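Report on one structure; see the data block that follows.
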Protein chains: 2
Amino acid sequence: MLPESPFYQNSLQTLQQSPLCKGLNRKLLEDMMQLFTRRCWGKGTRLSEQQSKSYFHIILHGRLKLTRMHPETGRAITLWLIGPGDGYDIISLLDGEEHDIMPVVLDEVETLTTRADIARKWITDHPEFNRCFLPYIGEQMRRLEDLSTNLALHDTITRLARLILQYVDLKKNSPPTNKYPVHLINDFSHETLACMVGSVRTVINRHLQQLKKDGIVDFHRGHLTVKNLEQLALQAGQFLHRKQLDKK
Amino acid sequence: MLPESPFYQNSLQTLQQSPLCKGLNRKLLEDMMQLFTRRCWGKGTRLSEQQSKSYFHIILHGRLKLTRMHPETGRAITLWLIGPGDGYDIISLLDGEEHDIMPVVLDEVETLTTRADIARKWITDHPEFNRCFLPYIGEQMRRLEDLSTNLALHDTITRLARLILQYVDLKKNSPPTNKYPVHLINDFSHETLACMVGSVRTVINRHLQQLKKDGIVDFHRGHLTVKNLEQLALQAGQFLHRKQLDKK
DNA sequence: GGAGTTCTGTAACCTGGGTAGCAGAATCCG
DNA sequence: CGGATTCTGCTACCCAGGTTACAGAACTCC
């Protein structure tokens, strides 16, 4: 992407905020920008497998999820929710192999896109990039670890609470309602939330109703907010480490 | 490690076989060897958290598992089984942060060990290493993905079959018994196997007995072998993709 | 504006898998 | 070698969560 492009400044700014690039020097960023072209995908766009293997994208705007489905039952698990600042497909970028997973474009998505082999070469030619790249990969691996841990060790309502807690905005309290907004997943259907915690719609609805009754969350179609952050964290078992000695 | 060390040749050879280093040129390997010193841990050694954050190890011999435990129930999930040729701790190497997981030394372990910051610097100074390093990380991420997928979408006996299939030796058929040997997990207790698939001992025993009755596996204490590889793969649902059209 | 679609809410029923318990076999170690 | 420990085998019982079904609310789009 050339500096003359009308999207250049905005793209560069998003890149600077991305964990993939935060803190890198300006010159390196500008060099990196030259790799990319801007792409847009409409909601529901089918991405071919070529997209995941042969290209590497950094999301500027919008969301996509990467999902796996059981061939017989149709049950699904979302392994990745990719939003602004995230790289896609990281795994294929790393090893050059196809990624056995289904991408779903959730919104209008705007990307910076380049060929994967070009990105790999650039990474090798610019080892300074390791400074952000390797920690970013570390973080992605930690997310996968947490998903496996939650699936193996925690019940569904705990997993749901943890999911919401992951995406709640701690710092902003909407003034008129005193609720904590939720980002990235705030407009998800119960079925989509279910796929993120390895469950099914009716179970998620059951638990959400319970959380609503307990005054912890509030929701109506396409709108999820948190009313009681402390209680949510309790449900998520996040404070148990501190309070283990106070076990009831 | 200096070339004069009595362990040098053997260590170098293991390194050459490791997916972390396979195919790298000899000179780079030798340069890398200079980073490391040899360490040994007895079975059951407690590794401090310093070990995972401040040091990076390549396993030459022996096994360790990385496990997480539910604080209340005591239930556990093994996220990593680390054997010869594997790096430990990869995640801390990537991002320099502590890894919230418990290492368990399963055997006498022999490692090549260096400080993590030194390893990170070496990686940055030798971008040729990306050729093996990045695909290795990609493979580790794929393993985590598969674990999450299995936990979310498959029942316990399927997960068990998949686990065994992952570690069965396809190429070698023990001549006197015509069984397929299993490596790395062949001597695990039922409880340890259970932790690898996110279940509990009695359930694993129940399923193993079933697999034994079906003539798929054979086992007695500390010894697990596969008798019918095709049936095991069926149980693992691995051929379902091909046979979907033949659905009963 | 209305038909069609998607989402939410709820209930009944079933089951895979987990807990708890006990006993015997195998292994370890002093 | 024998006591202690670990592992395996098995059973009874219970329940979280999944499937199925139905109805109403909300949203979309022509």
Side-chain angles (χ1 to χ4, degrees), chain A residues 42-44 69-70 72-77 104 106-108 150-163 185-214 217-225 235 237, chain B residues 42-44 69-70 72-77 104 106-108 150-163 185-214 217-225 235 237:
Chain A
K43 177 177 177 178
M69 205 174 297
H70 189 291
E72 293 186 29
T73 62
R75 285 194 62 183
I77 176 76
V104 180
L106 297 176
D107 314 299
E108 294 286 329
N150 290 338
L151 287 165
L153 303 184
H154 293 283
D155 57 21
T156 306
I157 192 167
T158 303
R159 304 202 303 273
L160 180 61
R162 286 175 169 222
L163 175 70
I185 65 167
N186 64 303
D187 62 340
F188 277 11
S189 69
H190 296 179
E191 180 150 0
T192 305
L193 290 174
C195 290
M196 294 198 71
V197 298
S199 184
V200 295
R201 181 192 70 78
T202 54
V203 173
I204 294 308
N205 178 270
R206 190 185 294 159
H207 290 312
L208 278 174
Q209 297 296 342
Q210 183 64 44
L211 291 174
K212 190 179 198 174
K213 179 182 293 185
D214 294 341
V217 302
D218 198 17
F219 62 90
H220 63 280
R221 187 171 176 158
H223 299 275
L224 172 65
T225 56
Q235 183 61 252
Chain B
K43 176 177 175 175
M69 203 175 297
H70 189 292
E72 291 186 32
T73 62
R75 284 192 63 180
I77 176 75
V104 180
L106 296 176
D107 314 298
E108 295 284 329
N150 290 339
L151 287 166
L153 302 183
H154 293 283
D155 58 19
T156 306
I157 193 167
T158 303
R159 303 203 303 274
L160 180 61
R162 286 174 170 222
L163 177 69
I185 65 167
N186 64 304
D187 62 339
F188 277 11
S189 69
H190 296 180
E191 180 151 358
T192 306
L193 290 174
C195 291
M196 295 200 69
V197 298
S199 183
V200 294
R201 181 192 67 80
T202 52
V203 173
I204 294 308
N205 177 269
R206 190 185 293 157
H207 289 313
L208 278 174
Q209 296 297 341
Q210 183 63 47
L211 291 174
K212 190 177 197 174
K213 180 183 294 186
D214 294 341
V217 303
D218 198 16
F219 62 91
H220 64 280
R221 187 168 178 162
H223 299 275
L224 172 66
T225 55
Q235 182 61 251

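Order of the sequence lines sets the chain letters (A, B, ...), proteins ahead of strands, with each chain counted from 1. Computed from a predicted model, the values in this text were never measured in an experiment.
Contacts between residues 191-199 of chain A and DNA chain D, defined by a heavy-atom separation below 4.0 Å, involve A:Ser199, listed by number.
Taking NE2 from B:His207 and OG1 from B:Thr156, the interatomic distance works out to 4.5 Å, rounded to the nearest 0.5 Å. B:Asn205 CG to B:Glu191 CD: the interatomic distance, rounded to the nearest 0.5 Å, is 12.0 Å. Atoms CG and CD1, on B:Leu224 and B:Ile185 in that order, are 6.0 Å from each other to the nearest 0.5 Å. Separating the CG atom in A:Leu163 from the CG atom in A:Leu193 is a distance of 6.0 Å, to the nearest 0.5 Å. With rounding to the nearest 0.5 angstrom, the OG1 atom of B:Thr158 is 5.5 Å from the CD atom of B:Gln235.
Counting distance only, with no hydrogens placed and no angle test, the side-chain atoms of B:Arg201 and the base atoms of D:dG9 include a donor-acceptor pair under 3.5 Å.
For the pair A:Leu151 CG and D:dA16 C1', the computed distance is 15 Å after rounding to whole Å. With rounding to whole Å, A:Lys43 atom NZ is found 11 Å from D:dC27 atom C1'. Note: CG (A:Asp187) to C1' (D:dA26) measures 15 Å, nearest angstrom. Look at CG on B:Leu208: it is 8 Å from P on D:dG9, rounded to the nearest Å.
Comparing D:dG18, D:dG9, D:dT20 against the side chain of B:Gln209 picks out D:dG9 as the nearest. Nearest to the side-chain atoms of A:Arg206 among the listed nucleotides D:dT19, D:dA12, D:dG9 stands D:dT19.
A:Val197 places none of its side-chain heavy atoms less than 4.5 Å from the side chain of A:Asn150. For the pair B:Leu106 and B:Lys43, the minimum side-chain heavy-atom distance is 4.5 Å or more. With contacts defined as side-chain heavy-atom distances shorter than 4.5 Å, the pair A:Leu160/A:Leu208 qualifies.
Residue B:Asn205 places none of its side-chain N or O atoms closer than 4.0 Å to OP1 or OP2 of D:dT8. Close to D:dT8, at under 4.0 Å from its OP1 or OP2, lies a side-chain N or O of B:His190.
Positionally, the nearest nucleotide of DNA chain D for A:Arg75 lies more toward the 5' end than for the other of A:His220 and A:Arg75.
Among the atoms of the strands shown, only primed sugar atoms or phosphate atoms (P, OP1, OP2) are found under 4.0 Å from some heavy atom of A:His207.
Interface limits on DNA chain C: the 5'-most and 3'-most nucleotides within less than 4.0 Å of chain B heavy atoms are C:dG17 to C:dT27.
In this structure, A:Phe219 and A:His190 have perpendicular ring planes: the angle between them is above 60°, well past the 30° mark.
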